[in-house]
Amino acid sequence: MNPIEIARKLAELGQTPDAQNAYELALAQPQLSPEEELEAACFIFYSQGDYRISFTHFVSLYNRGLFQAEILDLMTQAFYLPNLKDLEKQYQSNTKALEKYPYLFRKDFLKPEELPILFFPFDDNGFVPFYTKENRFGDYVNVNDTIIDRWFFKDLSKPILAGDVYSQYQLEYLYDNVRKSEWVAKENHIYLHYTNWAVFCAYLQVLNFKKLLRDEKFVFLMEDQVSRYPIDFKAEYGIDYSQYDVKPIGVSEVKRLIWHTQLATHNGGDFFNEILYGHPNLLAFDSVMMDATVETVQQVRKAMMQKKQNAIDIRIYRKLMPVKNPSDKDILVALFLTAEESSKADPSARIVPALLFQPHFHNMNYDVHGSAETRNCTLTSKQYDEIRRSPLFTGFSYIKTFSPLRRPTTSYGATIRFTWNASLEQANSVVGDSLSNRLLNRSFMVNPWDRLYRDSRLVRFEDGKLNPTATFTALAEFLDIPYTETMTYCSGAEGINPESLAGNDLGFSTAAIYRTYDDYCNDADRAFLEYFYRDVYETYGYDFHYYKGEPVDEEWIRTHAEGAQHLDELILNSHQKAMLTGFSKKMDEEIAQTNAKNLSEETVQDCIQNRIQIATELEKGLRFVNAEGQPLQMMTPLKLDPALLEQPLYH
């Protein structure tokens, strides 16, 4: 019996949940006839299964010209009419507010029955539009989706002009981030151009303009009214904004966060900070440590609660004074606005600056938890969980995230070098098993519905070095900031081409791209890493340099796990030195040396066995999912404009 026959039999027997599952399976079969597809969708719907499955197939059948009368009647009764009053109420609220608005120059709103789009609610977040004149359903629309997919702020030499903005989130983003004309001493309205009056009217059913009209920031231009852009407010309305004084940026104005993530150590993060430092529309520090930042915020909060004004920098105190019950986010903004070492945004710019924040951790550690039966695994990271819960992040209304990625084997080698140098300087510092850490670190795989990653891009370190114009133009577009001269050089609090870490390459030097760190890693461990990062290399455009495509079996895994000879020697030496330092205070020197040697050798063997175990599990095939069981996705890579490339792309 095929799935549709099984489903019918289960339905006859009254086994509804099983029948629903069988019908869902049947709907996945390509050979299903339209009649059978309708049957399956109707059963799931009428038996109160997952209505979204039925909805999706009803729309598909309708758009293929099948059973249109029956489907439209069913969907109208089940989805549209129960929500009609809410749609009409929202339409009336918007039209009433817009009728009184001075900068909307057309007021002949359509009657509800004349609107060309009907919105059928699909879930709690969005709708599927039905275009009456075209007699078809469109794609799913979520007007509150937290994505900014336009370069609104590409050119700030003149007022913002944006066409056909039908996203509530983007309208509020413009409202919150474009400063009032009076505050920047120049005409600075947001011009919204809508190319079709009827479509604009239709969207008044699902948008909420009422709360966006309060400060009269928007100018609505319908169809050919765009020729009025920009309006001379002094000539037409007698308003001369140049008579005002520029208003300093207030703490409460800053609602936009750019999170510069740390995928792993030594991924080139400082380089990206140096490119963005000094941008006129950003508040930025050099790299900062997360724990130090949290501690500073807590100190300021404690001093404010105790009303110890003398314990707070007077500039911070003054910035926070106008804010009622300042949040941790507000304190963070105040720190960025006032600190001597932070780059200062232009207060006369048309937009509120975004806060660029890269909370740095000493290391990024990931654990994998999963089911042996399903092979489904979830990723956990103490560092990322700290960020997710932190009010320093959750307090921002708008978040964009970008993550630098450096060739994994190069970043791996640089990490080993750094930890070894640290162990030479500090008696208790040891070299960890960077190879195991890298195998488990899959932070480039993200939950696309996670608020912090909903609007995110991954950008390659090598592209920034070799093709800076293309890379940073694309990054500016994604971050929605102008591509400025400050993005053509590296800078920091100490000036041009700062040395963020002793021995680091400066500016646009490409030495860090081609350095292979042969004194810290071997071909075996690099091939090991490349093989288990195959999806990373494919997605982000890296060629294999060490893995030659040979078959991988248990012997290959063991040989390569044991082949990290440079790393294991450094692990051994650093642990032996640290242990000997501790043992020497408690026992005879010869016994201390013997114990330190034996324990260090055991540590190395434990590391090797751990690598083998991790690799063996990875080789079986793991499916990385979020807490709800939905698959994680590779973070979207930043796309460069081929016309702006200065050199061939790095591979």
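Throughout, numbering of the chain's residues begins at 1 and tracks the sequence.
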| Which class fits the ring pair Phe220 and Phe209: parallel under 30°, tilted 30 to 60°, perpendicular over 60°? | perpendicular

| message | One thing to verify: whether Arg457 and Glu477 come together as a salt bridge, which I'm taking to mean a side-chain N less than 4.0 angstrom from a carboxylate O. | response | no

| said: Tell me whether Asp455 contacts the main-chain N or O of Lys400 through its side chain, where contact means a donor paired with an acceptor under 3.5 Å. | reply: no

| field | Audit row: Arg214, Tyr175, side chain to side chain donor-acceptor pair (under 3.5 Å) steps and yes/no | value | CA-CA 10 Å; Arg214 182 176 60 247; Tyr175 178 83; 3.1 Å; yes

| request: Please find out if less than 6.0 Å separates the ring center of Phe79 from that of Phe55. | output: yes

| request: Measure the CG-OG distance between Asp176 and Ser252 for me, rounded to the nearest 0.5 Å. | output: 11.0 Å

| said: Ring-plane angle category for Tyr80 and Phe120, please: parallel below 30°, perpendicular beyond 60°, tilted otherwise. | reply: tilted

| task | Classify the angle between the aromatic ring planes of Phe152 and Tyr173 as parallel (below 30°), tilted (30 to 60°) or perpendicular (above 60°). | result | tilted

| When you measure from the side chain of Ser181 to the backbone N and O of Asn188, does any donor-acceptor pair fall under 3.5 Å? | yes

| Roughly how far, to the nearest 0.5 Å, is the CD1 atom of Ile481 from the CG atom of Leu276? | 5.5 Å

| message | Tell me if a side-chain donor or acceptor on Gln170 pairs with a main-chain N or O of Ile147 at a distance below 3.5 Å. | response | yes

| message | With a 3.5 Å distance limit and no angle check, can you tell me whether Ser390 reaches the backbone of Glu386 through a side-chain donor-acceptor pair? | response | no

| note | Output for pair (Ile71 CD1, Ser60 OG), nearest 0.5 Å, gives 9.0 Å

| said: Given the ring of Tyr398, does Lys255 sit roughly above its face, with NZ or CZ under 6.0 Å from the centre of the six-membered ring and within 45° of the axis? | reply: no

| task | With Arg460 as the cation and Tyr540 as the aromatic partner, state whether NZ or CZ is under 6.0 Å from the six-membered ring centre and within 45° of the axis. | result | no

| request: Establish, yes or no, whether a centroid distance under 6.0 Å links the rings of His260 and Phe402. | output: yes

| query | To the nearest 0.5 Å, what is the distance between CG (Leu640) and CZ (Phe472)? | reply | 10.0 Å

| task | Measure from the ring center of Trp151 to the ring center of Tyr483 and say whether it is less than 6.0 Å. | result | no

| task | Mark yes or no for whether Asp123, through its side chain, and Gly126, through its backbone, hold a donor-acceptor pair below 3.5 Å. | result | yes

| Is the side chain of Arg256 donor-acceptor paired with the backbone N or O of Pro353 at a distance under 3.5 Å, no angle test? | no

| query | Checking Asp641 side chain against Ala470 main chain: does a donor-acceptor pair fall under 3.5 Å? | reply | no

| Salt bridge flag under 4.0 Å for residues Lys154 and Asp480 | no

| request: Before giving the answer on salt bridge (Lys or Arg N to Asp or Glu O under 4.0 Å), spell out for Glu253 and Lys180 the whole-Å C-alpha distance, their side-chain angles and the decisive distance to 0.1 Å. | output: CA-CA 11 Å; Glu253 285 187 81; Lys180 294 177 65 173; over 6 Å; no

| Is any NZ, NE, NH1 or NH2 atom of the basic residue among Asp50 and Arg52 found under 4.0 Å from an Asp or Glu carboxylate oxygen of the other? | yes

| message | Using only atom types and a distance under 3.5 Å, with no angle test, would you say the side chain of Asn376 pairs donor to acceptor with the backbone of Val625? | response | no

| message | Nearest 0.5 Å, please: how far is CZ in Arg106 from CD in Gln225? | response | 7.5 Å

| query | Are the side chain of His189 and the backbone of Glu216 linked by a donor-acceptor contact shorter than 3.5 Å? | reply | yes

| message | For Ser403 and Thr261: C-alpha separation, side-chain torsions, deciding distance, then whether side chain to side chain donor-acceptor pair (under 3.5 Å) applies. | response | CA-CA 5 Å; Ser403 299; Thr261 76; 2.3 Å; yes

| message | Can you tell me if Asp215 has over 12 outside heavy atoms packed within less than 6.0 Å of its CG? | response | yes

| task | Measure the spacing between CG of Asp328 and OG1 of Thr293 and express it to the nearest 0.5 Å. | result | 12.0 Å

| message | Is the ring pair Tyr203/Phe119 parallel, tilted or perpendicular, if the boundaries are 30 and 60 degrees? | response | perpendicular

| Under 30°, 30 to 60°, or over 60°: which ring-plane class applies to Phe130 and Tyr62, parallel, tilted or perpendicular? | perpendicular

| query | Is a side-chain donor or acceptor of Asn267 paired with a backbone partner of Gly269 at a separation under 3.5 angstrom? | reply | no

| task | Determine, stepwise, if the pair Ser47 / Gln20 fulfils side chain to side chain donor-acceptor pair (under 3.5 Å). | result | CA-CA 8 Å; Ser47 64; Gln20 290 171 348; 2.9 Å; yes

| side chain to side chain contact (heavy atoms under 4.5 Å, CB included) assessment of Ile148 paired with Tyr169 | CA-CA 8 Å; Ile148 302 299; Tyr169 180 78; 3.6 Å; yes

| task | Verify side chain to side chain donor-acceptor pair (under 3.5 Å) between Thr76 and Asp73, making sure each step is shown before the conclusion. | result | CA-CA 5 Å; Thr76 299; Asp73 180 65; over 6 Å; no

| field | Over 12 foreign heavy atoms within 6.0 Å of CD, Glu538 | value | no

| query | Aromatic rings Phe357 and Phe336: how do their planes relate, parallel, tilted or perpendicular, breaks at 30° and 60°? | reply | perpendicular

